[in-house]
Amino acid sequence: MGYRVAVVGATGNVGREMLNILAERQFPADEVVALASRRSLGSEVSYGDKTLTTKDLDAFDFTGWDIALFAIGSDATKIYAPKAAKAGCIVIDNSSLYRYDADVPLVVPEVNPEAVEMVHKKNIIANPNCSTAQMVVALKPLHDRARIKRVVVSTYQSVSGAGKEGIDELWDQTKSIYNPTDDKPAKKFTKQIAFNVIPHIDVFMDSGDTKEEWKMVAETKKIMDSSIKVTATCVRVPVFVGHSEAINIEFEEFLDEDEARDILREAPGLMVIDKRQDGGYVTPIECVGDFATFISRIRQDTTVENGINLWCVSDNLRKGAALNAVQIAETLGQRVLKKG
Ligand SMILES: NC(=O)c1ccc[n+]([C@@H]2O[C@H](COP(=O)([O-])OP(=O)(O)OC[C@H]3O[C@@H](n4cnc5c(N)ncnc54)[C@H](OP(=O)(O)O)[C@@H]3O)[C@@H](O)[C@H]2O)c1
């Protein structure tokens with residue numbers, strides 16, 4: 001007996017990846033249903049070698065369904081996640097709506113798998129922000145060895161993190177640069193994204209940080225350790241898929257760069273590619289479609305007492321969203337639901 005799984009937002013970037021990953025990882029599903037808005041009713045999406053016809057979320061009854069993987073944004077999630085949860089279906093949500101709710105576990109399975117066990121408080125589990133997910137996978141094994149005091153991170157985030165509209169805007173604007181009569185002004189982003197970088201993701205907060213930067217701070221504390229100080233600068237770059245991060249870490253204890261490299265090599269979810277030569281590091285294009293979070297450029301930071309610098313790259317639609325959600329479903333299955 002396997003699971004009955006609903007993929008909610010199945011026509012979106014993350015939803016399509018969730019279907020791919022459920023099939024790739026042979027998630028023990030007896031039945032999978034694809035749900036989206038009424039606009040997409042009847043449209044077809046792939047699930048392994050099968051084709052699913054998308055159903056209308058608004059008319060769907062979650063009774064008898066075990067797990068719903070949600071990727072529809074906070075506004076729609078606010079309406080539909082409580083309905084699914086009330087019907088007894090466990091929601092694994094990609095939006096930011098429930099991430100900071102004390103009764104909702106925020107889970108990265110390589111870091112805090114045990115947190116899924118408090119799912120029944122609301123029948124909802126939250127998936128972190130894409131930039132947080134890949135960072136904590138890298139930080140956790142180093143924290144276990146040398147206790148992290150402070151993290152300074154700068155992100156280089158791809159346009160797919162802003163959904164289908166983000167991808168279309170980079171594509172159309174790039175083409176329009178070569179055809180100036182076909183002007184494509186910024187709509188999804190606040191300035192031109194083609195051939196540019198924008199130091200602004202999500203809304204500004206009173207502190208001057210953006211909400212994306214605040215999320216990295218709050219989520220790292222909730223997932224890993226509330227004593228870790230994090231300061232972030234989040235930047236949108238003209239890359240279609242794959243987020244990169246330059247991470248500076250200060251530890252309580254000394255950690256040698258070679259030991260850090262060995263620790264990261266052994267850690268779950270990570271792949272170290274770190275040769276000090278031309279091309280001996282990973283760039284976003286190379287991480288697309290992969291499960292791993294890639295680590296390169298590991299080196300001592302001698303300007304502080306116990307410092308390490310590293311470069312971290314991951315497919316934001318996978319570890320940053322869909323893969324992490326499916327891994328949560330797997331962890332939930334092993335630790336709580338125990339079917340299949
Ligand atoms: N992209 C990332 O890197 C990333 C990372 C982490 C988290 N997330 C989160 O994942 C969610 C989805 O992101 P995405 O990139 O997949 O966006 P997307 O490509 O724009 O897709 C949005 C999906 O949501 C569906 N949807 C929107 N409003 C709906 C409604 N009222 N009822 C039913 N379905 C509705 C859309 O269905 P239609 O096609 O029918 O409109 C579509 O399937 C967001 O919450 C986002 O913050 C994304």
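First listed ligand is number 1; within each ligand, the first listed atom is number 1.
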Colleague: Rounded to the nearest 0.5 Å, what separation is found between the OG atom of Ser131 and the CD atom of Glu219?
Modeller: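 Rounded to the nearest 0.5 Å, the OG-CD separation comes to 7.5 Å.
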Colleague: Scan for salt bridge (charged side-chain N to carboxylate O under 4.0 Å, His left out) pairs involving residues 72-86, sequence neighbours excluded, and state none if there are none.
Modeller: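 Matches after skipping sequence neighbours: none remain.
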Colleague: Could you pull out all residues at least two apart from Tyr98 that satisfy ring-ring contact (aromatic ring centres under 6.0 Å, His included)?
Modeller: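 Listed in chain order: nothing, the list is empty.
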Colleague: Counting only heavy atoms and a distance below 4.0 Å, can you name the residues contacting ligand 1?
Modeller: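 Residues within 4.0 Å of ligand 1: Gly9, Ala10, Thr11, Gly12, Asn13, Val14, Ala36, Ser37, Arg39, Ser40, Leu57, Ala71, Ile72, Gly73, Ala76, Asn94, Ser95, Cys130, Ser160, Gly161, Gly163, Lys164, Asn316, Leu317, Gly320, Ala321.
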Colleague: Testing Asp30, Val33, Leu22 for side-chain contact (heavy atoms from CB on, under 4.5 Å) with Val5, which one passes?
Modeller: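 Considering Asp30, Val33, Leu22, a side-chain contact (heavy atoms from CB on, under 4.5 Å) with Val5 is found only for Leu22.
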Colleague: Mind checking what makes salt bridge (Lys or Arg N to Asp or Glu O under 4.0 Å) contact with Glu286, not counting sequence neighbours?
Modeller: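 For Glu286, no residue satisfies salt bridge (Lys or Arg N to Asp or Glu O under 4.0 Å) once neighbours in sequence are set aside.
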Colleague: Are any side-chain N or O atoms of Lys222 and backbone N or O atoms of Arg99, one a donor and one an acceptor, separated by less than 3.5 Å?
Modeller: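 Checking the backbone N and O of Arg99 against the side chain of Lys222, a donor-acceptor pair under 3.5 Å is found.
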